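One structure below.
Note that this is a predicted model, so its numbers are computed, not measured. One-based numbering, in listed order, for ligands and for the atoms of each. Hydrogens, waters and symmetry mates play no part in the numbers below; they use all other heavy atoms, side chains included.
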Amino acid sequence: MRKHVLLLHGPNLNRLGRRDPEHYGKLTLAELEQAVAGWADERGFELEAFQSNHEGALIDALQQASGRVCAAIVNLGALTHTSYALHDALLDFGKPVVEVHLSAISERESWRRVSVIRPACVAHVEGLGIEGYRIALDTLVVELSRREDREEHE
Ligand code: DQA
């Protein structure tokens, strides 16, 4: 059976393609999800994509997916900078998570430079547009095989 990976998008990312294309590019969320699903497929994964503008719905999605998926890629929008609740949900999720941002958040407003979810993630990628999601998938391939090796030697 193919392994499933969760792709989680937070507030305002449903507006991709129309919202601030200088920072976030011209692709719509549906186009982005389709491209990431293709890259996931090439790596033997099935992608489960979900977007919400609501913090609680994102937490519910993580809780519901945790028994089903082996990893997650998250772009939680502005909740990245504020949500300790999502930090805790990601920790509880218990599978490797890569944080992705389309824009270079470390080079923008000072409040955007803070990510409160980062300690719950194995890696983060920013400022590379949609390419960041491909890197996130490759990072997960490496991380999952490391974890499998570790389990075999335990
Ligand atoms: C974002 C960066 C966040 O600061 C912002 O609130 C977003 C998108 C990004 O992908 O660059 O909504 O996560």
Would you tell me whether [X] and [Y] have side-chain atoms, one donor and one acceptor, within less than 3.5 Å of each other?
{"X": "Thr80", "Y": "Glu99", "result": "no"}
{"X": "His23", "Y": "Arg108", "result": "yes"}
{"X": "Asn53", "Y": "Glu55", "result": "no"}

Starting from [atom], which protein heavy atom do you reach first, and at what distance in Å?
{"atom": "atom 8 (C) of ligand 1", "value": "Tyr24 CE2, 3.5 Å"}
{"atom": "atom 11 (O) of ligand 1", "value": "Ser103 OG, 2.6 Å"}
{"atom": "atom 9 (C) of ligand 1", "value": "Leu102 N, 3.4 Å"}
{"atom": "atom 1 (C) of ligand 1", "value": "His101 ND1, 3.7 Å"}

Find all atoms of ligand 1 within a distance of less than 4.0 Å from any non-hydrogen atom belonging to His81, and give their numbers and elements.
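Matching atoms, with element in brackets: 3 (C), 4 (O).
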With heavy atoms of Asn75 as the reference, note each atom of ligand 1 found under 4.0 Å away.
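Taking each heavy atom of Asn75 in turn, ligand 1 has 1 (C), 9 (C), 10 (O), 13 (O) under 4.0 Å.
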Could an N or O of ligand 1 be found under 3.5 Å from any N or O of Arg19, whether backbone or side chain?
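Yes; at least one N/O pair falls below 3.5 Å.
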Given Leu76, which partner from the list Thr82, Val100, Ile117 fulfils the side chain to side chain contact (heavy atoms under 4.5 Å, CB included) test?
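Considering Thr82, Val100, Ile117, a side chain to side chain contact (heavy atoms under 4.5 Å, CB included) with Leu76 is found only for Ile117.
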Of Leu32, Leu27, Thr28, the residue whose pairing with Leu16 passes side chain to side chain contact (heavy atoms under 4.5 Å, CB included)
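Exactly one pass, corresponding to Leu32.
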Between Arg112 and ligand 1, which part of the residue brings a heavy atom under 4.0 Å of the ligand: side chain, backbone, both or neither?
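Under 4.0 Å from ligand 1, Arg112 contributes side-chain atoms alone.
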Within reach of ligand 1, part of Arg15 (heavy-atom separation under 4.0 Å):
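Looking at Arg15 and ligand 1, no heavy atom falls under 4.0 Å.
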Walk me through it: do Asp138 and Arg43 pass the test salt bridge (charged side-chain N to carboxylate O under 4.0 Å, His left out)?
CA-CA 8 Å; Asp138 286 336; Arg43 288 157 180 79; 2.6 Å; yes
If you count heavy atoms of other groups shown closer than 6.0 angstrom to CD of Glu31, is the number above 12?
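Enclosed.
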Sub-4.0 Å heavy-atom contact, His9 with ligand 1:
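Distance cut 4.0 Å: His9 fails for ligand 1.
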Is Ile105 close enough to touch ligand 1? Criterion: a residue heavy atom under 4.0 Å from a ligand atom.
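Heavy atoms of Ile105 do come under 4.0 Å of ligand 1.
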How close do Thr139 and Val98 get, counting heavy atoms only, and between which atoms?
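Of all heavy-atom pairs spanning Thr139 and Val98, the closest is CG2-CG2, 4.0 Å.
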